[in-house]
Amino acid sequence: MATTCTDYNFREIEPFWQTFWEKNHSFRATADPAKPKYYVLDMFPYPSGAGLHIGHPEGYTATDILARYKRTRGFNVLHPIGWDAFGLPAEQHAVKTGTHPAANTQNNITNFKRQIKALGFSYDWDREIDTTDPRYFRWTQWIFLQLFRRGLAYVDERPVWWCPELRTVLANEEVVDGRSEVGGFPVERRNLRQWVLRITAYAERLLADLAEVDWPESTKRMQEAWIGRSEGAEILFGLEHAAGATLKIFTTRPDTLFGCTYMVIAPEHPLVATLTVPEQKAEVDAYRRKAAAKSDLERTDLAKEKSGVFTGAYAINPVNGSRVPIWVADYVVMGYGTGAIMAVPAHDGRDHEFAIRFSLPIVQVIDSDGAPLPYVGDGRLINSGTYTGLPWSEAKQRITADLAGRGAGQATVNYKLRDWLFSRQRYWGEPFPIVWVSAGDYASISAVRRDKLPDQPVTFTQDGATHYAVPLPPESLPLQLPSVQSYLPSGTGESPLANETNWLELWFNFETGAAVPASQPKPAGAAWVRGRRETNTMPQWAGSCWYYLRFVDPRCETAIASSESLKYWGTPDIYVGGAEHAVLHLLYARFWHKVLFDLGIVPTAEPFRKLFHQGIILGEDGEKMSKSRGNVVSPDTIIESHGTDTLRLYLMFLGPLEAMKPWNPRGIEGVHRFLQKIWRELIALDGSVNAKVSRANQDSAELTKLLHESIKKVGEDIENLRFNTAISQMMILVNAIQKAPTINIETAQVLVQLLAPFAPHIAEELWSRLGGSQSVMLAPWPAYQAEKIASSEVKIVFQVNGKHRGDQPVPVGTTQETALALAKASARVAPYIEGKVIKRVIFVPGKILNIVVE
RNA sequence: GCCCGGGUGGUGAAAUGGCAGACACUAGGGACUUAAAAUCCCUUGCCUGAAAAGGCGUGCGGGUUCGAGUCCCGCCCCGGGCACCA
């Protein structure tokens with residue numbers, strides 16, 4: 001059972017074995033309680049029109065090696081793949097060509113599938129999923145409804161990029177230098193009604209549980225920074241002009257409260273209008289307008305010079321009653337803390353810069369031990385009334401506690417993490433399973449379906465009318481996308497779905513989810529209400545937030561996956577993908593997973609126990625691969641010229657998996673030659689087994705030792721994802737086999753087994769020709785024998801004062817005395833110790849003897 | 001500015017604190033060949049030397065250690081991420 005070629009003809013061998021695997025369903029994963037499971041997950045690709053990028057096969061080859069290796073170690077391996085297929089490019093293509101995004105997406109998937117199959121990955125294709133398939137996004141919508149029911153989804157006005165010329169909302173990547181990518185028209189920020197997910201409710205757990213996962217430290221640090229927990233205090237400042245009114249600020253430095261000489265509120269702060277005195281109104285309004293017109297980019301660009309205006313109002317410092325001027329400045333942002341700060345110019349760089357610029361007083365309250373201001377270090381308090389003399393950490397607690405006692409403040413924890421903007425004004429995404437109804441209808445629905453609704457109704461108000469969000473009954477899912485006339489946004493800021501009146505405006509049965517266009521008469525029955533569908537769609541993240549759960553039971557029609565499947569397969573044992581997802585995808589997925597955990601649906605609190613990032617492969621020029629640079633390498637080209645086994649091996653031999661490394665086409669020849677050499681050593685010119693390979697042959701002790709060392713090293717390296725050194729070891733073994741006049745056939749078979757996870761096609765072919773039964777994939781991984789590796793002799797290195805002065809083979813177990821005697825007798829060592837006093841001898845048995853002399 | 005990585009031959013890279021440069025690539029020389037390709041052998045960090053051998057060498061400067069690419073301190077450079085976060 002092999003091909004008939006006589007030389008290493010990868011063009012014949014590779015398709016042959018790919019067909020074999022496909023016919024035999026070699027990689028189908030079936031739950032088997034008798035076997036331990038191992039779930040290897042790749043970050044599933046977005047099927048772009050450009051096809052596979054060389055970065056895809058890098059990570060996918062790594063996981064494929066691991067998956068194939070684990071199978072031979074007796075694990076029941078789940079290694080699935082699918083498509084993250086909603087998203088902007090397909091929509092843009094649809095706008096341009098008028099073809100349905102689904103058609104374009106299917107074309108791209110077909111192409112991706114062809115490319116991925118050509119790489120010979122051991123995916124279980126029976127589990128293929130596609131996030132745009134209604135049978136899949138039915139459950140994405142279902143999870144949304146769980147979030148909605150638990151009060152974790154709400155509606156709010158949020159700023160988005162708006163292009164007046166195109167009359168459409170733009171994504172960040174569609175805005176280049178303040179202009180639309182298409183057409184180059186100016187863009188502006190505009191508030192639109194958006195769905196928002198309350199990820200901040202999980203901030204504490206998302207942070208704490210990072211301690212439980214085996215992830216790269218850098219990724220954990222990035223998530224920590226993104227969550228941005230800081231402890232401090234909220235402090236209420238009284239307002240001079242309005243008795244009883246207060247201004248709430250957040251600070252991490254309540255210990256510096258006596259050094260507060262002014263306050264700053266964000267331009268968007270709701271109190272700006274009421275605080276500002278009439279004389280300052282014009283100036284403040286002008287400043288606010290200017291700040292609002294600025295993009296985030298401009299606002300940070302202008303950060304070099306602080307700007308701001310005085311409101312004319314004063315606050316009262318709760319700790320000492322001093323009168324503090326209130327300013328408006330855009331270096332304070334509304335989205336963090338309370339949108340207002342107490343400024344302590346002596347101990348904060350930004351406040352200091354601002355105080356200098358506007359000649360505001362600077363009062364030092366922490367002893368800097370002579371260091372210049374601004375001083376942000378620790379120290380004892382000065383100029384701080386009864387707190388003077390306290391160490392700062394103690395002062396923080398005392399001042400906060402004292403303020404709390406008087407109702408003027410409290411200890412708080414703040415997060416940089418914001419709630420997640422979860423809607424897009426686009427066509428090509430999951431529709432929200434939500435219908436908006438009137439207050440009256442909501443009340444009647446609430447009377448009978450209370451358990452399906454959140455504790456607090458989700459509402460928005462427009463043109464004086466308040467709309468209430470009602471979920472579709474889960475049994476009525478999926479809510480499919482209607483076909484539309486145009487994929488262009490409606491022009492009002494709503495998605496193209498807003499133009500589909502018959503889909504949008506409806507009579508809605510809240511018991512069954514049934515819908516009838518509003519243009520038709522209202523059907524009979526108490527459960528029918530007048531509604532309008534949500535026109536937003538979900539972002540691409542939605543589908544990728546839970547796909548790893550669907551893989552365990554991809555065809556389940558009663559749940560996201562059956563509880564038995566979730567129990568057996570659980571979550572991925574290893575997850576491999578790019579570091580570009582370090583924050584967003586990996587944080588969003590953790591959030592959803594925790595919600596599902598709280599619902600009792602998944603058995604663990606964390607989705608990805610072990611995570612690994614493959615490094616980026618750069619172009620030959622050392623730059624990031626990109627179309628515009630023209631340095632993109634396609635896997636197809638290499639497969640055509642050298643075969644996929646060579647490509648796989650080369651990708652892994654380039655360097656450590658996690659490293660960023662440039663593509664170097666010359667190196668491909670090296671690994672290709674390695675495969676040809678293996679073929680030549682094992683197979684004769686006529687295609688039969690080479691005469692030097694026989695069951696009758698006895699391997700030399702050295703070759704036997706090397707073989708067992710190689711079994712050990714290759715296995716260990718695969719477990720640790722150090723594929724480059726595993727390949728080096730195989731090269732060393734093959735070089736030795738080449739030099740041996742004859743080898744035992746079992747040695748050849750073991751070599752083929754070691755090679756199989758890396759270069760599976762040639763391995764299958766050789767295995768078959770060497771007389772192996774069925775597939776090399778079914779042969780258990782060879783075991784090494786420790787006693788075959790142990791040798792009776794070791795080389796001991798002689799050093800004098802740490803410098804290498806020769807070496808000598810000695811029997812294992814040689815004592816320090818014997819070694820020292822040998823060293824003294826050595827012609828190379830002797831001159832360095834002659835006439836010198838030996839101060840000390842360092843002896844590492846079997847390794848090194850270091851003689852320290854005067 | 002802050003937070004992560006990283007800096008080793010002509011190149012990609014190896015190296016539990018213990019012989020720096022494994023394994024490859026490139027280049028040079030040789031064998032085989034009418035010739036070329038393929039294949040095989042030798043050389044390939046720098047300096048001195050015919051050789052044996054010796055000296056120097058892992059971005060720079062210090063330190064710890066019998067011994068440092070590896071650990072510590074201070075710099076420089078490159079890459080990535082975040083950034084007025086109170």
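Chain letters run A, B, ... following the sequence lines, proteins first and then strands; every chain starts at 1. Computed from heavy atoms alone, side chains included, the values below leave out hydrogens, waters and symmetry copies.
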Report summary line: Heavy-atom nearest nucleotide on RNA chain B taken for A:Thr338 and for A:Met731; more 5' hit belongs to A:Met731
Query raised in the report: With a non-hydrogen cut-off below 4.0 angstrom, is A:Gly228 in contact with a base, only sugar-phosphate, or nothing?
Result: nothing
Report summary line: Per salt bridge (Lys or Arg N to Asp or Glu O under 4.0 Å), A:Glu709 is matched among A:Lys712, A:Lys705, A:Lys713 by A:Lys705
Report task. Answer with yes or no whether the side chains of A:His642 and A:Glu669 bring together a donor and an acceptor at under 3.5 Å. Result -> yes
Report task. In whole angstrom, give me the gap between the P atoms of B:rG18 and B:rC40. Result -> 34 Å
Query raised in the report: How is A:Tyr650 classified with respect to the nucleic acid when contacts are heavy atoms under 4.0 Å: base, sugar-phosphate, or nothing?
Result: nothing
Report task. Identify whether any heavy atom of A:Pro216 sits under 4.0 Å from a base atom; if not, whether one sits that close to sugar-phosphate; answer base, sugar-phosphate or nothing. Result -> nothing
Query - B:rG67 phosphate, OP1 or OP2, under 4.0 Å from A:Lys847 side-chain N/O - result: no
**Report entry** A:Arg828 side chain, from C-beta outward: closest of B:rG54, B:rU39, B:rA14
**Finding:** B:rG54
Requested in this report: Check every strand shown and say whether A:Asp351 touches a base, only sugar-phosphate, or nothing at a heavy-atom separation below 4.0 Å.
Outcome: nothing
**Report entry** Atom C1', compared across B:rU26 and B:rG9: separation rounded to whole Å
**Finding:** 12 Å
**Report entry** OH/A:Tyr202: more than 12 non-hydrogen atoms of other groups inside 6.0 Å
**Finding:** yes
Report summary line: Winner on side-chain proximity to A:Met222, out of B:rG54, B:rG67, B:rG81, is B:rG81
Query raised in the report: Is the A:Tyr262 to A:Phe358 ring centre distance short of 6.0 Å?
Result: no
Report summary line: Whole-Å distance, A:Glu224 CD to B:rC3 P, equals 13 Å
Query raised in the report: Contact class for A:Thr219 vs. all strands (heavy atom < 4.0 Å): base, sugar-phosphate, or nothing?
Result: nothing
Requested in this report: Indicate, yes or no, whether a donor-acceptor pair under 3.5 Å links the base of B:rC84 to the side chain of A:Asp330.
Outcome: yes
Requested in this report: Have a look at A:Asp348 and say if it touches a base, only the backbone sugar-phosphate, or nothing, with a 4.0 Å heavy-atom cut-off.
Outcome: nothing
**Report entry** Separation of the P atoms in B:rA35 and B:rC23, to the nearest angstrom
**Finding:** 32 Å
Query raised in the report: What integer number of Å spans the C1' atoms of B:rA27 and B:rU44?
Result: 8 Å
Query raised in the report: Across the strands shown, which category fits A:Ile842 at heavy-atom distances under 4.0 angstrom: base, sugar-phosphate, nothing?
Result: base
Report task. Just call it for A:Phe674: base, sugar-phosphate, or nothing, with non-hydrogen atoms closer than 4.0 Å on any strand. Result -> nothing
Query raised in the report: Which part of the nucleic acid, if any, lies within reach of A:Lys739 when heavy atoms closer than 4.0 Å are counted: base, sugar-phosphate only, or nothing?
Result: sugar-phosphate
Query raised in the report: Base, sugar-phosphate alone, or nothing: which one does A:Gln729 contact when heavy atoms must sit under 4.0 Å apart?
Result: nothing
**Report entry** P spacing across the pair B:rU48 / B:rU33, given as an integer number of angstrom
**Finding:** 39 Å
Report task. Using the P atoms only, state how far B:rA14 lies from B:rG30, rounded to an integer number of Å. Result -> 34 Å
Requested in this report: Step through it carefully: locate the ring centre of A:Phe10, locate the ring centre of A:His672, and say whether they are under 6.0 Å apart.
Outcome: yes
**Report entry** Spacing between A:Arg805 atom CZ and B:rC19 atom P, to the nearest angstrom
**Finding:** 15 Å
Query raised in the report: When you compare B:rG29 with B:rA36, how far apart are their P atoms, in angstrom units rounded to a whole number?
Result: 13 Å
Requested in this report: Describe the nucleic acid contact of A:Leu654 in one word from base, sugar-phosphate, nothing, applying a heavy-atom distance below 4.0 Å.
Outcome: sugar-phosphate
Requested in this report: Assign A:Ser218 to base, sugar-phosphate, or nothing according to its heavy-atom contacts below 4.0 angstrom with the strands shown.
Outcome: sugar-phosphate
Query - Span that lies between the C1' atom of B:rC25 and that of B:rC78, in whole angstrom - result: 24 Å
Report task. Look at A:Lys677 and B:rA38 and indicate whether a side-chain polar atom (N or O) is within less than 4.0 Å of OP1 or OP2. Result -> no
Requested in this report: Kindly indicate whether the side chain of A:Lys839 and the base of B:rC66 share any N or O donor-acceptor pair separated by less than 3.5 Å?
Outcome: no
Requested in this report: Please examine the side chains of A:Thr261 and A:Ile362, heavy atoms only from C-beta on, and report whether any two atoms are closer than 4.5 Å.
Outcome: no
